[in-house]
Amino acid sequence: MGFYQNTCKPEGLGGKLMTQIMNGGHHAKLAEWGFSFLTVPTDANILDAGCGGGANLTRWLERCPEGHVTGLDYSAVSVETAQKYNRQAIADGRCAVVQGNVAELPFEDDTFDVVSAFETVYFWPGLERCFGEVLRVLKPGGLFFLCNETDGNNPEQEAQWMKKIQGMQVYNKEQLRSALSAAGFPRAEGHANPELHWLCLIAKKK
């Protein structure tokens, strides 16, 4: 397995290194850009699906000091890293990190105020099914926030990444909106940085 395959599912020593990379650099800048479009209650119940190394769990904890933040990832290496990164919040009962699949989320209906997905939907096994699971676990009026570092409008660079990472699929804004609509979300607000090819969407459950 090539090193960059660890962006999909971190495994072994290379996966541990990748989760550290995920927690810094341009990933942090993208996350801060995406967070600038969100306003949520300080006591919100948050799920970060595909939480990687856990840095965005920390960002959520800072934004929701009276709330609770759950991270989910299907990589055991990611779960371990995210737990270590947020060990104090976990000890305080403000955070949990679990292993699981976005296609079958291990949570009850109407649980979360917000579900976020940073740089991860490229690897989800069927967008409509996974988005339907997100819709199910959101409370009525809850938000689904997607933030991608590639917007589907930079084909040469995106083709290079998809060649390096087996199973990766890049989506543009309209493809994501179509999948969200098919899953049951009535609309999705979009934001883009055309220069950097960043994209985020915010969809609201009825």
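Residue numbers count from 1 along this sequence.
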field: Cluster check L105, L127: I/L/V/M/F/W/Y, side chain < 4.5 angstrom
entry: yes
message: Does any part of the side chain of C64, heavy atoms only, come nearer than 4.5 Å to the side chain of V114, both counted from C-beta?
response: no
statement: Here the pair of heavy atoms bringing N101 nearest to P125 is OD1-CG, 4.1 Å
message: According to a hydrophobic-cluster definition based on side-chain heavy atoms being under 4.5 Å apart (Ile, Leu, Val, Met, Phe, Trp, Tyr only), do L143 and L180 belong together?
response: no
field: Audit row: F123, V102, side chain to side chain contact (heavy atoms under 4.5 Å, CB included) steps and yes/no
entry: CA-CA 10 Å; F123 312 116; V102 291; over 6 Å; no
Less than 3.5 Å apart, which donor and acceptor atoms pair up between the side chains of residues 39-55 and the rest of the protein, not counting sequence neighbours?
from: T42; atom 1: OG1; to: E66; atom 2: OE2; distance (Å): 3.1
from: N45; atom 1: ND2; to: T111; atom 2: O; distance (Å): 3.0
from: D48; atom 1: OD1; to: S116; atom 2: OG; distance (Å): 2.6

- request: Grab the two heavy atoms, one from A82 and one from L57, that are nearest each other, plus how far apart they are.
  value: CB-CD1, 4.2 Å
statement: Value for SG (C200) from CG (L38), rounded to nearest 0.5 Å, stands at 7.5 Å
- prompt: Of the non-hydrogen atoms in N86 and C95, which two are nearest, and what is the gap between them?
  reply: CB-SG, 4.2 Å
- prompt: Considering all heavy atoms of both residues, which atom of A76 and which atom of Q99 are nearest to each other, and what is their separation?
  reply: N-NE2, 3.6 Å
- prompt: Should the heavy atoms of other residues, nucleotides or ligands under 6.0 Å from CD of E108 be counted, would the total exceed 12?
  reply: no
- line: Rounded to the nearest 0.5 angstrom, the CG-CD distance for L61 and Q88 is 11.0 Å
message: Suppose we screen for salt bridge (Lys or Arg N to Asp or Glu O under 4.0 Å). Which residues come up paired with E174, at least two apart in sequence or across chains?
response: R177
message: For a 4.5 angstrom cut-off between non-hydrogen side-chain atoms, does T81 reach S75?
response: no
field: Pairwise distance CD(E128) to OG(S178) - rounded to 0.5 angstrom
entry: 8.0 Å
- request: Please lay out, stage by stage, how V97 and Y85 fare under the test side chain to side chain contact (heavy atoms under 4.5 Å, CB included).
  value: CA-CA 10 Å; V97 185; Y85 198 87; over 6 Å; no
- request: Would you give the length of the straight line joining atom NZ of K204 to atom CZ of R187, rounded to the nearest 0.5 angstrom?
  value: 9.0 Å
field: W33 backbone acceptor or donor facing S36 side chain under 3.5 Å
entry: yes
message: Classify the ring geometry of F144 against F131: parallel below 30°, tilted from 30° to 60°, perpendicular beyond 60°.
response: perpendicular
query: What class does the angle between the rings of H191 and F37 fall in, given that below 30° is parallel, 30 to 60° is tilted and above 60° is perpendicular?
result: parallel
query: Do V137 and L135 belong to the same hydrophobic cluster, where Ile, Leu, Val, Met, Phe, Trp and Tyr are linked whenever their side-chain heavy atoms lie under 4.5 Å apart, directly or via other members?
result: yes
field: salt bridge (Lys or Arg N to Asp or Glu O under 4.0 Å) partners for K139, two or more places apart
entry: D113
task: Measure the OG1-CZ distance between T70 and F112 for me, rounded to the nearest 0.5 Å.
output: 4.5 Å
statement: Separation between OH (Y171) and CH2 (W124), nearest 0.5 Å, reads 10.5 Å
- prompt: Looking at side-chain heavy atoms only, is the closest gap between E149 and Y122 below 4.5 Å?
  reply: yes
message: Under 4.5 Å between side-chain heavy atoms, counting indirect links through other Ile/Leu/Val/Met/Phe/Trp/Tyr residues: same cluster for L138 and I202 or not?
response: no
query: Quick one: does Q175's side chain have a donor or acceptor within less than 3.5 Å of a partner on N172's backbone?
result: yes
task: Examine R59 relative to F35 and say whether NZ or CZ is less than 6.0 Å from the centre of the six-membered ring and inside a 45° cone about the ring axis.
output: no
- line: Quick note, salt bridge (charged side-chain N to carboxylate O under 4.0 Å, His left out) partners involving residues 82-107, not counting sequence neighbours, are E80-K84, E104-R129
- prompt: Should V170 and L176 be regarded as members of a common hydrophobic cluster, given that ILVMFWY residues are connected when their side-chain heavy atoms come within less than 4.5 Å of each other, either directly or indirectly?
  reply: no
query: Residues in side-chain hydrogen bond (donor to acceptor under 3.5 Å, both in side chains) with E133, at least two apart?
result: R136
message: Applying side-chain hydrogen bond (donor to acceptor under 3.5 Å, both in side chains), can you list everything that pairs with K173, at least two apart in sequence or on another chain?
response: none
message: What I'd like to find out is whether the side chain of F185 reaches to under 4.5 Å of the side chain of L201, using heavy atoms alone.
response: no
